[in-house]
Amino acid sequence: MRIIVQNAKCQGHARCAAHAPHIFKLDDAGYILPGNIEVAEGEELTASRGARSCPERALELDREPCSTS
């Protein structure tokens, strides 16, 4: 699973990081760092809760298995 980050939508609420600071990395102002997030096996539920907590819908869940190539 991965989380697609839409930085232009992020308003710095930091709710994602409140749920999972080890998954959602923020800059010093509280905005999500650029780049999609590869979610480790076993972290899907925590990552999903963090992504769904975003009031701006800046984080989109992609449940397709990550490629290993």
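Sequence positions, counted from 1, serve as the residue numbers for this chain.
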Separation between [atom1] of [X] and [atom2] of [Y], rounded to the nearest 0.5 Å:
X: His19; Y: Leu45; atom1: NE2; atom2: CG; result: 11.0 Å
X: Ile23; Y: Leu59; atom1: CD1; atom2: CG; result: 11.0 Å
X: Leu61; Y: Arg52; atom1: CG; atom2: CZ; result: 7.5 Å

**Prompt:** If only atom types and distance count, is the side chain of Glu44 paired as donor or acceptor with the main-chain N or O of Gly42 below 3.5 Å?
**Reply:**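 Yes, because the side chain of Glu44 sits within donor-acceptor range (under 3.5 Å) of the backbone of Gly42.
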**Any donor-acceptor N/O pair, Ser53 side chain to Gly50 backbone, under 3.5 Å** =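 At least one qualifying donor-acceptor pair exists.
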**Item:** Check: Asp62 and Glu60 side chains under 4.5 Å, non-hydrogen atoms
**Value:** no
Kindly give the heavy-atom pair with the smallest separation between [X] and [Y], and that separation in Å.
X: Cys10; Y: Ile32; result: SG-N, 3.5 Å
X: Val5; Y: Asn36; result: N-OD1, 3.0 Å
X: Ala51; Y: Ile3; result: CB-CD1, 4.3 Å
X: Met1; Y: Ser48; result: CE-N, 4.2 Å
X: Glu56; Y: Lys9; result: CB-O, 3.3 Å

**Message:** Would you say Tyr31 ends up clustered with Phe24 if hydrophobic residues are merged whenever their side chains have heavy atoms under 4.5 Å apart, either directly or through other cluster members?
**Reply:**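 No, because Phe24 and Tyr31 fall into different hydrophobic clusters, even though each may have its own neighbours under 4.5 Å.
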